[in-house]
Amino acid sequence: QVQLVESGGGLVQAGGSLRLSCAASGRTFSSYTMAWFRQAPGKEREFVAALDWSGSSTYYADSIKGRFTISRDNTKNTVYLQMNNLKPEDTAVYCCAAGASPNFYTNYPRSRQYDYWGQGTQVTVSS
């Protein structure tokens, strides 16, 4: 069992930056692939970014590519999402997820890849 707790959300003006953190419980953090998803009001949950077990391979949604960076620190059991040049359309609840499946490289943008989910942190970008 893995528990995930996100932090770092808040209210920011367009063009600003935020850094989200997701702390994982347990001693097997490095055996999970990790991802960030987001869900805006009235919209379906969408993939944002993901990285593999070591963090050497990263993947991004086209809508945030070049603005967001996902990383992980396996010594701290934490995954991060650095968000720069934020836009009002980035407003959403951001959730991190952990997956044990070995099919990461084909399934990374799909919710079914991930077994554990955090509660989420609200990010609001004002124009």
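Just so you know, these numbers come straight off a predicted model, no measurement behind them. Just so you know, these numbers use all the heavy atoms, side chains as well, and skip hydrogens, waters and symmetry mates.
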*Given the side-chain rings of Phe104 and Tyr59, with only the six-membered ring counted for Trp, is the space between their centroids under 6.0 Å?*
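Centroid distance Phe104-Tyr59: below 6.0 Å, so yes.
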Within the structure provided, determine whether [X] and [Y] are in side-chain contact (heavy-atom separation under 4.5 Å).
X: Tyr80; Y: Ile70; value: no
X: Glu6; Y: Tyr94; value: no
X: Gln113; Y: Thr33; value: yes
X: Ile64; Y: Val48; value: yes
X: Trp53; Y: Ser30; value: no
X: Asp73; Y: Phe29; value: no
X: Phe68; Y: Leu81; value: yes

*asked:* Taking CD in Glu89 as the centre, count heavy atoms belonging to other residues, nucleotides or ligands within less than 6.0 Å. Is the count above 12?
replied: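 Enclosed.
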_Pairwise salt bridge (Lys or Arg N to Asp or Glu O under 4.0 Å) hits with a residue in residues 56-70, at least two apart_ =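 Every salt bridge (Lys or Arg N to Asp or Glu O under 4.0 Å) pair that includes a residue of residues 56-70, provided the two are not neighbours, is Asp62-Lys65, Arg67-Asp90.
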*Which pairs count as salt bridge (Lys or Arg N to Asp or Glu O under 4.0 Å) when at least one residue sits in residues 39-55, sequence neighbours excluded?*
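The answer is Arg38-Glu46.
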If we ignore hydrogens and angles and just use 3.5 Å, is the side chain of [X] paired with the main-chain N or O of [Y] as donor and acceptor?
X: Ser63; Y: Ala61; result: no
X: Asp115; Y: Ala100; result: yes
X: Thr91; Y: Val125; result: yes
X: Gln82; Y: Thr69; result: no

[atom1]-[atom2] distance between [X] and [Y], expressed to the nearest 0.5 angstrom:
X: Ser101; Y: Asn107; atom1: OG; atom2: CG; result: 6.0 Å
X: Arg72; Y: Leu51; atom1: CZ; atom2: CG; result: 5.0 Å
X: Leu20; Y: Cys95; atom1: CG; atom2: SG; result: 10.5 Å
X: Arg19; Y: Asn84; atom1: CZ; atom2: CG; result: 11.0 Å

*asked:* Show, in sequence, the C-alpha distance, side-chain angles and deciding distance for Phe47 and Tyr108, and conclude whether the ring pair (Phe, Tyr, Trp, His ring centres under 6.0 Å) test is met.
replied: CA-CA 9 Å; Phe47 168 77; Tyr108 65 86; 5.6 Å; yes
Can you get from [X] to [Y] by hopping between Ile, Leu, Val, Met, Phe, Trp and Tyr side chains that sit under 4.5 Å apart?
X: Tyr105; Y: Phe37; result: yes
X: Val93; Y: Val12; result: no
X: Val79; Y: Leu4; result: yes

*Thr124 and Gln122: side-chain donor and acceptor closer than 3.5 Å?*
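Judged by distance alone, the side chains do pair up.
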*For the pair Ser111 and Trp117, evaluate side-chain contact (heavy atoms from CB on, under 4.5 Å) and give the outcome as yes or no after the intermediate values.*
CA-CA 10 Å; Ser111 296; Trp117 295 80; 4.0 Å; yes
_Residues which pass side chain to side chain contact (heavy atoms under 4.5 Å, CB included) with Thr28, listed by chain and number, not counting sequence neighbours_ =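 For Thr28 the side chain to side chain contact (heavy atoms under 4.5 Å, CB included) partners, ignoring immediate neighbours, are Ser31, Tyr32.
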_Atom of Gly8, atom of Leu18 and distance for their closest heavy-atom approach_ =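 It is O-CD2, 3.8 Å.
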